[in-house]
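What follows is one structure encoded as structure tokens, with my remarks underneath.
Just so you know, ligand 1 is whichever comes first in the structure, and atom 1 is the first atom listed for that ligand.
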Amino acid sequence: MAKALITGISGFVGSHMAEFLLKKNIEVVGTIRHRSRMNHIEHLLQDIRLIECELRDPFSVESLIGEEKPDYIFHLAAQSFVPTSWNSPIDTIHNNVAGQVNIFEAVRRFQLDTRIQIACSSEEYGQVEPDEVPIREDNPLRPLSPYAISKMAQDYLGYQYYKSFGLHVVRTRTFNHTGPRRGENFVTSNFAKQIADIEKGKRAPIIYVGNLEAKRDFTDVRDVVRAYWLALQNGEPGECYNIASGSCCTIKEMLELLLSYSNVQIEIKEDPTRLRPSDVEILLGDYSRFHQTTGWTPEIPFEKTMLDLLNYWRSFP
Ligand SMILES: C[C@H]1O[C@H](OP(=O)(O)OP(=O)(O)OC[C@H]2O[C@@H](n3cnc4c(=O)[nH]c(N)nc43)[C@H](O)[C@@H]2O)[C@@H](O)[C@@H](O)C1=O
């Protein structure tokens with residue numbers, strides 16, 4: 001039986017990745033930290049193994065990799081919220097970069113032929129010119145946040161460890177993704193939760209928003225984890241691939257879709273604290289390189305993703 005290690009298994013994507021791999025009969029081991037919340041993976045605890053590991057600590061990572069010797073690593077653990085990266089830039093960069101270097105070094109030390117997927121991001125493209133969409137992998141990277149810098153470093157470290165040491169690293173540059181369990185800081189989940197709370201009478205019928213003009217390309221998380229699996233089956237080591245839906249909408253259009261699923265009358269109000277020092281205007285991805293290599297296409301329509309997300313928040317008392 002093949003064995004997969006998922007870093008950040010208790011997180012949004014990690015929990016969906018674990019579900020996907022278990023259905024494929026892969027043995028699943030995941031890293032958690034002492035303060036990790038377990039609510040996303042409670043239903044899986046019988047079928048997975050959890051190991052406490054601080055990825056920033058090289059000793060912790062070395063003993064984990066040496067003990068487990070996984071066939072696959074899905075490296076999903078990260079500080080992934082862009083606004084937090086302005087408040088704690090060094091922490092974001094250190095967390096995201098050091099954790100990954102520790103994994104690479106441990107795989108190298110034990111001379112494993114582990115296949116490693118690393119979760120890079122469309123945020124790396126940053127400032128995109130109107131004639132550059134849909135964005136291809138060879139577009140210049142013009143990062144606009146410390147988070148984007150941390151992901152560029154992860155991305156290029158993946159390239160470098162492949163070139164220097166032959167590590168089997170596949171770099172997935174994923175555009176926005178969402179679905180049930182999405183953290184409530186992120187815009188889709190934040191708006192869905194506000195609507196669900198208004199429906200329950202827990203708050204006044206006013207939804208607070210930030211920049212509604214930004215355009216984003218959303219993929220369902222369940223399509224994304226399938227892409228990560230295919231990246232390690234058929235992806236070229238050292239290569240980077242866009243994972244995207246190939247279409248985008250404004251945040252306003254996304255909000256209107258969510259509101260169309262609700263019967264309550266809701267007022268929209270801008271909350272200035274939700275505006276960012278600089279916001280990426282448009283992210284629209286061309287995923288043809290990944291499609292040609294793996295045959296992947298996104299399958300779940302955006303309308304279903306957003307309804308599932310709203311119903312997820314409605315399911316809480
Ligand atoms: C690919 C990339 O995708 C994600 O990064 P993100 O695009 O920053 O995601 P988000 O959901 O925080 O914002 C999306 C857009 O929505 C705007 N927006 C408006 N109003 C609110 C609002 O009220 N809250 C938030 N959070 N955003 C708002 C906000 O200004 C931005 O333009 C992460 O997964 C990241 O890890 C990643 O890699």
Touching ligand 1 at all, R173? Heavy atoms, strictly under 4.0 Å?
no

Of all the heavy atoms in T188, does at least one lie under 4.0 Å from an atom in ligand 1?
no

Which of these, I207, L144, N176, has its nearest heavy atom closest to atom 4 (C) of ligand 1?
N176

To atom 28 (C) of ligand 1, the nearest of I282, T174, V187 on a heavy-atom basis is V187

Examine the proximity of ligand 1 to S80 and report which part, side chain or backbone, both or neither, has a heavy atom under 4.0 Å away.
both

Do the side-chain N and O atoms of N234 and T294 include a donor-acceptor pair separated by under 3.5 angstrom?
no

N/O of [X] under 3.5 Å from N/O of ligand 1, yes or no?
{"X": "D279", "value": "yes"}
{"X": "N190", "value": "no"}
{"X": "Y208", "value": "no"}
{"X": "N185", "value": "yes"}
{"X": "H177", "value": "no"}
{"X": "V280", "value": "no"}

Other residues, nucleotides and ligands only: do more than 12 of their heavy atoms fall within 6.0 Å of CG on N263?
no

Considering only the protein, which heavy-atom contact is closest to [atom], and what is its distance?
{"atom": "atom 20 (N) of ligand 1", "value": "G210 N, 2.8 Å"}
{"atom": "atom 19 (C) of ligand 1", "value": "N211 O, 3.2 Å"}
{"atom": "atom 13 (O) of ligand 1", "value": "R276 NH2, 3.3 Å"}
{"atom": "atom 34 (O) of ligand 1", "value": "R182 NH2, 2.8 Å"}

Heavy atoms only: give me the nearest Y147-S150 pair and the separation to one decimal.
O-OG, 2.6 Å

Is it true that R289 and E239 have a side-chain N and a carboxylate O under 4.0 angstrom from each other?
yes

So, are E124 and R173 salt-bridged, with charged N and O less than 4.0 Å apart?
yes

With sequence neighbours left out, the residues meeting side chain to side chain donor-acceptor pair (under 3.5 Å) with S80 are none

Might you work through the salt bridge (Lys or Arg N to Asp or Glu O under 4.0 Å) test for D308 and R222, ending with a clear yes or no?
CA-CA 12 Å; D308 287 355; R222 294 159 286 196; 3.0 Å; yes

Mind checking the CD-CD1 spacing from E213 to I251? Nearest 0.5 Å is all I need.
10.0 Å

Ring centres under 6.0 Å, that's the criterion: do F218 and F175 meet it?
no

Quiz: residues 161-168 side-chain donor-acceptor pairs under 3.5 angstrom, not counting sequence neighbours:
{"unit_1": "Y161", "atom_1": "OH", "unit_2": "E105", "atom_2": "OE2", "d": "2.6"}
{"unit_1": "S164", "atom_1": "OG", "unit_2": "Q160", "atom_2": "O", "d": "2.9"}
{"unit_1": "S164", "atom_1": "OG", "unit_2": "Q160", "atom_2": "NE2", "d": "3.2"}

